[in-house]
Protein chains: 2
Amino acid sequence: MIHFKIAIDCVIVGYDSQLNELKVLLTERVNEPQKGKWALPGGFVKKTESFEKTAASILLRETGMTNVYLRQLKAYSLTDASQDNRIASVAYYSLVKFENLTDASRQQYSRWFPWNGIPTLPFDHGKKVAFAFEKIKELVRLEPVVYHLLPTKFPLNQLQRFYEALYNIKIDNRNFRKKILKLPYIERLDEVEKNVSHRPGYLYHFNEKKYKENSSPY
Amino acid sequence: MIHFKIAIDCVIVGYDSQLNELKVLLTERVNEPQKGKWALPGGFVKKTESFEKTAASILLRETGMTNVYLRQLKAYSLTDASQDNRIASVAYYSLVKFENLTDASRQQYSRWFPWNGIPTLPFDHGKKVAFAFEKIKELVRLEPVVYHLLPTKFPLNQLQRFYEALYNIKIDNRNFRKKILKLPYIERLDEVEKNVSHRPGYLYHFNEKKYKENSSPY
DNA sequence: ACATGTAAACGTATTTTTTACGCTAACTTA
DNA sequence: TAAGTTAGCGTAAAAAATACGTTTACATGT
């Protein structure tokens, strides 16, 4: 009976609102194979750990963050059929608040790459990153996961810019505003933007409790 | 380094249009553990097989069908931490045309259970079945996968009944018709229902080519 | 000091989509 | 032949999406 080593790979995604672009965290491989190449952060599943737990600890190691949005992407069976011990991998994707990252939490061997500037990745990592983005695009339409990527407080324009970047579209400012303000779980704060070269807008935040109250179970 | 045996479990789903209910195929376990219990059809991944390939062969074994809709559901890490060799599993779900099944293809130890009458399943199989149904509900909204479950030729009413069963809703016959007929990839045939105790309706079919032409890539 | 650029925040009008419901036609069964 | 059922056509109203007009409040450059 064949046995597998199981690796967990994490596609960690952030949104840089300054540059208005999505980013992925990559690390330089310190071990063979593919030593020195940029690749997805990952690790093997340890004895008593669940996949999810392994993924969470990779995330902690790379970003210093816990309790962030983390979901399974897909399991991959690398067809490394030459050996008796095959390697399988389970990919996870995570959405993190880019603004919350401290310099201290940044690993020496890690770097954030813009979505449109990812180097060629070893193994099936390129495929995983591409699939993660497809998944995220789909998910953003269905559930309010955007708010895991945006800062806790944000002006409406920042939200609009995010959608425009993600789907590569242009949205009408006035209609967008109307649509968002109808959502019961987006609340305006008594705070405005500062140091912007235009009329400062109010800041909003996502009220998760209200979202769960208002969303029907089916 | 810990190694895993990897099992593939298949949630094989069909739609019985006579009874207007979704069904799941279960098999009686012939080996320990849980011998004699109804469970998801499955098997271990063999040396040179991909997960997908393993799933496809399980599907062939159970239904006699190839080239059916088959997708990965999720990977599960059973926390059977007592042993050195843990078992992980990757669940797949499949949508099959219930009408196409021949009696010959029906396995001795297999049976189709109605969605609302599934026995308590061993391991995490109950969780997998539940998750598969959530996934299918979601998927049906996004993509025309219904047509993998319905017969190739179907009257509009059959399609409507399917939606009503899946989401447990009542749909207005006239509005439903209007909505469906606007879809360019649903084509009317020159054929009508037979032996129905009401005005016979035209049969329709799903034109996959037209779907792919008309669906935007984003 | 003032013009310029930019996005906020308010609005209206039009089009498109969804929903509610009326009616006749065509078939089987009692 | 009446009753029951779904097919297939239709209209009207309500809701959502889209297009676009206007004033306000800020920073920046001259």
Side-chain angles (χ1 to χ4, degrees), chain A residues 15-21 140-142 144 150-151 153-205 214-216 218, chain B residues 15-21 140-142 144 150-151 153-205 214-216 218:
Chain A
Y15 172 63
D16 183 340
S17 54
Q18 311 273 266
L19 298 173
N20 190 28
E21 63 185 16
V140 167
R141 287 188 200 279
L142 300 175
L150 293 185
K153 303 171 179 182
F154 53 87
L156 290 186
N157 187 254
Q158 199 171 9
L159 184 61
Q160 181 180 332
R161 280 167 164 285
F162 174 85
Y163 283 108
E164 291 179 333
L166 183 62
Y167 299 113
N168 196 29
I169 51 171
K170 189 86 199 92
I171 303 173
D172 182 275
N173 149 28
R174 297 151 293 184
N175 293 333
F176 180 77
R177 153 179 296 274
K178 266 183 287 189
K179 198 164 173 177
I180 299 299
L181 293 182
K182 261 192 285 187
L183 303 175
Y185 49 83
I186 301 294
E187 292 176 335
R188 200 180 83 173
L189 303 170
D190 282 331
E191 215 175 320
V192 292
E193 294 178 277
K194 270 170 195 144
N195 274 79
V196 286
S197 72
H198 56 77
R199 177 173 172 177
Y202 279 97
L203 300 180
Y204 290 77
H205 83 295
N214 285 285
S215 63
S216 67
Y218 53 90
Chain B
Y15 172 64
D16 183 339
S17 55
Q18 312 274 268
L19 299 174
N20 190 27
E21 62 185 19
V140 167
R141 287 187 200 278
L142 299 174
L150 294 185
K153 302 170 179 183
F154 53 87
L156 290 187
N157 187 254
Q158 199 171 11
L159 184 60
Q160 182 180 329
R161 281 167 163 286
F162 174 85
Y163 283 108
E164 292 178 332
L166 183 62
Y167 299 113
N168 195 32
I169 50 170
K170 189 88 197 89
I171 302 174
D172 181 276
N173 150 27
R174 296 151 293 184
N175 292 333
F176 180 77
R177 155 179 294 274
K178 265 182 290 187
K179 199 163 172 176
I180 300 299
L181 293 181
K182 260 191 287 187
L183 303 175
Y185 50 83
I186 301 295
E187 291 176 336
R188 201 180 83 173
L189 304 170
D190 283 331
E191 215 175 319
V192 292
E193 293 178 277
K194 269 169 195 144
N195 275 78
V196 286
S197 72
H198 56 76
R199 176 174 174 178
Y202 279 97
L203 299 181
Y204 291 78
H205 84 293
N214 284 283
S215 62
S216 67
Y218 53 91

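Chain A is the first sequence line, chain B the second, and so forth, proteins listed ahead of strands; every chain is numbered from 1.
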Starting at the 5' end of DNA chain D and moving along, which residue's nearest nucleotide shows up first, A:Val196 or A:Arg174?
A:Arg174

Describe the nucleic acid contact of A:Arg161 in one word from base, sugar-phosphate, nothing, applying a heavy-atom distance below 4.0 Å.
sugar-phosphate

Do the side chains of A:Leu166 and A:Tyr15 get nearer than 4.5 Å, heavy atoms only?
no

Rounded to whole Å, the CD1-C1' distance (B:Ile180 to D:dG8) equals 15 Å

Judged by nearest nucleotide, the residue sitting upstream toward the 5' end of DNA chain C, A:Ser197 or A:Gln160, is A:Ser197

By nearest heavy atom, map A:Val192 and A:Lys178 onto DNA chain C; which one lands nearer the 5' end?
A:Val192

Using whole Å, report how far NZ of A:Lys179 lies from C1' of C:dT16.
13 Å

Can you find a pair of side-chain heavy atoms, one from B:Phe154 and one from B:Arg161, that are under 4.5 Å apart?
no

If you check every side-chain atom of A:Arg177, which of D:dA7, C:dA8, C:dA20 has the closest atom?
C:dA8

Nearest-Å distance for atom pair CD/P, residues A:Gln158 and C:dA7
13 Å

Test item: B:Leu159 and B:Tyr204 side chains (from C-beta on) under 4.5 Å apart, heavy atoms:
no

Flag the pair B:Leu156 / B:Gln160 as yes when at least one side-chain heavy-atom distance between them is below 4.5 Å, and no otherwise.
no

Between B:Glu164 and B:Ile171 (side chain of the first, backbone of the second, donor and acceptor by atom type, cut-off under 3.5 Å), is there such a pair?
yes

Given atom CG of A:Leu181 and atom P of C:dA8, what is their separation to the nearest angstrom?
11 Å

C:dC27, C:dC21, C:dT18: which one has an atom nearest the side-chain heavy atoms of B:Lys182?
C:dT18

Between A:Asn175 and B:Glu193, who's closer to the 5' end of DNA chain D by nearest nucleotide?
B:Glu193

Between C:dT19 atom C1' and B:Ile169 atom CD1, what is the distance in whole Å?
13 Å

Between C:dT28, D:dG8, C:dG5, which one does the side chain of B:Tyr202 approach most closely?
D:dG8

Distance-only donor-acceptor test (3.5 Å): side chain A:Lys170, base D:dT18
no

May I have the distance from B:Asn173 (atom CG) to C:dG22 (atom P), rounded to whole angstrom?
14 Å

Looking at C:dA26, D:dC26, C:dA9, which one has an atom nearest to any side-chain atom of A:Arg199?
C:dA9

D:dA7 C1' sits how many Å from B:Glu191 CD, rounded?
17 Å

Does A:Asn157 make a side-chain N or O approach to OP1 or OP2 of C:dA8 shorter than 4.0 Å?
yes

Please report, rounded to the nearest Å, how far the C1' atom of C:dA7 is from the CG atom of A:Asn195.
15 Å

